[in-house]
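Reading through the structure tokens given below for one structure.
Heavy-atom basis, side chains included; hydrogens, waters and symmetry copies ignored.
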Amino acid sequence: MEKSSPRMTGGGREGPALKCSPAVAANAEGEEIEVLESSDVLPVAPEDQWKSLFDKYDPESSGFISTERFRDLLATHGSELDPHKLEVLLALADGNADGKICYQDFVNLVRCSHLLASFTKTLGCSMSNKRSNSFRRAILQGGRQLKGCALREEVGLGLSQRLVRHVAYETLPREVDRKWYFDSYTYCPPPWLILAITIAEVAVFMYYGLQLDRWVLQVSSPSFLKGPLPYHPQLRVQAWRYLSYVFMHAGIEHLSLNMAMQLLVGVPLEMVHGALRIGLVYVCGVLAGSLAVSVTDMTAPVVGSSGGVYALVSAHLANVVMNWSGMKCQFKLFRMAMALVCMSVEFGRAVWLRFYPPAFPPCPNPSFVAHLGGVAVGLTLGVVVLQNYEQRLQEQSLFWIFFCVYTLFVLCAVFWNVFAYSLLDVRLPPPP
């Protein structure tokens, strides 16, 4: 588990004549760049070490060093950095309009690059994969452009590197983020979460297919809802069913569409954002789906992973639309249209099945409202997660707003399930 490093502080040369350049003063009121997260704690140099280090590159004692000297410094001591991360630091340094870097900028930039260890002969850490909000804003708000060629133009890459590059262009709208991700991703851990969920769903479907001797419209079998997994309104006191229904599907047509969208969208997103974040969006979509059914379609059961799948897909599509000019994936308009067609077909199938005469009345067929619950989560909580690549979510006010709204919805739905069914005298179908 990575630990947060302390906030960087300046020191040394201060005075009215020194002012931070636009490259590092992107944060209002002079907010300082935070140290990037690292598994190793970076030793803090005493003030005299900082001064002597700066004086080495400022022999005229002007209080500034040129960006060209900083470039030489990075070239000399930055061999430990990945090439694209080095390019990001150079872009940050080159953003100074007058070609100078003041002492405070020097401290911030060196600490951001984790080059201090090289300078103090205690090298033992590399540049972290995490970046603070202020570091990203310094890059994005300072009007800088990366000087090197685009990641897409690089040649001589192996198969795994080309896959990582493809995923970067599929999911990330900024070249800075794409290059950062390309250098940072190591396939350790691999994208295991979505694959594990998909394998479990296929295994459960195969088990019930053999047990029921039915592969299409399994929901029409009298034993389909008798297992411990599907949500049923008569069994809503069994709280695990609000999540476990994700492993049951109405038939092979239901499983196939969900599995295709889940793998094509979920695996690349997990490779970029990690299992924790994608799992958060997925589970929130699944829970929102079953709770939405229990509130709006109170007599219907629920099966299928559509709540989680629709949360991921809708969040990804919304992120693409919001960053349309920056997204460089090929045929994005056509592929977005195909994704919407697949979602519409699956949703249409669910609506048709819900109102199709049930095989065993008075129990209706599974509800379609879980799809809408997943979309609501994807367009709110999911968009915030996907828009903040490698940024700490706890620093995002929108994340906390949507998370609080989601928590309030869950609490209200729980109270609804406890009290509303008896108060409204809802006639529920018999238990399976």
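Considering all non-hydrogen atoms of both residues, Arg214 and Gln218 come closest at O-NE2, 2.9 Å. Of all the heavy atoms in Leu312 and Gly266, the pair that sits closest is CD1-CA, 4.1 Å. The minimum heavy-atom distance linking Thr299 with Pro233 is given by the pair O-CG, 3.5 Å. Taking every heavy atom of both residues into account, Ala300 and Pro364 meet most closely at CA-CG, 3.8 Å. The two residues Ala288 and Val377 make their nearest non-hydrogen contact at CB-CG2, 3.5 Å. Across all their heavy atoms, Tyr406 and Leu287 have their closest contact at OH-CB, 3.5 Å.
Looking only at distances, a side-chain donor or acceptor of Arg162 sits under 3.5 Å from a matching main-chain atom of Leu157. Here the side chain of Asn417 pairs a donor or acceptor atom with the backbone of Ala413 at under 3.5 angstrom. Looking at Trp192, its side chain never comes within 3.5 Å of a backbone N or O of Ala275 through a donor-acceptor pair. Under a 3.5 Å cut-off, the side chain of Tyr185 and the backbone N or O of Arg165 do not form any donor-acceptor pair. Lys332 places a side-chain N or O within donor-acceptor distance of the main-chain N or O of Trp324, the cut-off being under 3.5 Å. Counting only distance, with no hydrogens or angles, the side chain of Gln234 and the backbone of Pro429 share a donor-acceptor pair below 3.5 Å. Judged by distance alone, with hydrogens and angles left aside, the side-chain atoms of Tyr421 form a donor-acceptor pair with the main-chain N or O of Ser294 at under 3.5 Å. The main-chain N or O of Phe419 is found under 3.5 Å from a side-chain atom of Ser422 such that the two form a donor-acceptor pair. Although no hydrogens or angles enter the test, the distance criterion places no donor-acceptor pair under 3.5 Å between the side chain of Tyr310 and the main chain of Ala370.
One finds the CG atom of Leu172 at 9.5 Å from the CG atom of Leu386 (value rounded to the nearest 0.5 Å). One distance of note links CG of Leu229 with CD of Gln238; it measures 11.0 Å at 0.5 Å rounding. Atom OG in Ser305 sits 4.0 Å away from atom CD in Glu201 (nearest 0.5 Å). To the nearest 0.5 angstrom, Arg241 atom CZ is 9.5 Å from Met248 atom CE. Expressed to the nearest 0.5 Å, how far CG of Leu381 lies from CH2 of Trp400 amounts to 10.5 Å. One finds the CG atom of Asn258 at 10.5 Å from the CG atom of Leu263 (value rounded to the nearest 0.5 Å).
No side-chain heavy atom of Phe403 sits less than 4.5 Å from a side-chain heavy atom of Val384. Side chains of Gln161 and Glu154 form no contact here, defined as non-hydrogen atoms less than 4.5 Å apart. Here the side chains of Cys412 and Leu408 are in contact, with some heavy-atom distance below 4.5 Å. Using a 4.5 Å cut-off on side-chain heavy atoms (C-beta onward), Arg335 and Glu170 make contact. Side-chain contact between Leu317 and Val265 is absent, with no heavy-atom pair separated by less than 4.5 Å.
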(message) Please evaluate residues Leu353 and Leu217 with respect to the criterion side-chain contact (heavy atoms from CB on, under 4.5 Å), reporting the C-alpha separation (whole Å), side-chain torsions for both, the decisive distance (0.1 Å), and the verdict.
(response) CA-CA 9 Å; Leu353 181 61; Leu217 287 179; 4.0 Å; yes
(request) Determine, step by step, whether Tyr208 and Phe247 satisfy the side-chain contact (heavy atoms from CB on, under 4.5 Å) criterion, reporting the C-alpha distance in whole Å, the side-chain angles of both residues, the deciding distance to 0.1 Å, and the verdict. (result) CA-CA 11 Å; Tyr208 277 95; Phe247 299 108; over 6 Å; no
(request) Check the pair Trp416, Met298 against side-chain contact (heavy atoms from CB on, under 4.5 Å), reporting the backbone distance first and the verdict last. (result) CA-CA 10 Å; Trp416 180 274; Met298 301 169 69; 3.6 Å; yes
(request) Dump the intermediate steps for side-chain contact (heavy atoms from CB on, under 4.5 Å) on Tyr187 and Leu163, then the final yes or no. (result) CA-CA 11 Å; Tyr187 288 99; Leu163 175 61; 3.4 Å; yes
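Contacts of Tyr282 classified as ring pair (Phe, Tyr, Trp, His ring centres under 6.0 Å), with partners at least two apart in sequence or in another chain: none. With sequence neighbours excluded, the residues forming a side-chain hydrogen bond (donor to acceptor under 3.5 Å, both in side chains) with Ser367 are Asp297, listed by chain and number. Every residue meeting the side-chain hydrogen bond (donor to acceptor under 3.5 Å, both in side chains) condition with Thr198, not counting sequence neighbours, appears here in chain and number order: Gln262. Not counting sequence neighbours, His316 has no partner by the side-chain hydrogen bond (donor to acceptor under 3.5 Å, both in side chains) test. Qualifying side-chain hydrogen bond (donor to acceptor under 3.5 Å, both in side chains) partners for Glu270, counting only residues two or more places apart in sequence or in other chains: none.
For Ser306 and Glu346, the side-chain atoms include at least one donor-acceptor pair closer than 3.5 Å.
Among residue pairs with one or both ends in residues 209-232, those qualifying as ring pair (Phe, Tyr, Trp, His ring centres under 6.0 Å) are Phe205-Trp215, Tyr231-Tyr242; sequence neighbours excluded.
In this pair, His254 and His371 present their aromatic rings parallel. The plane angle is below 30°, not in the 30 to 60° band.
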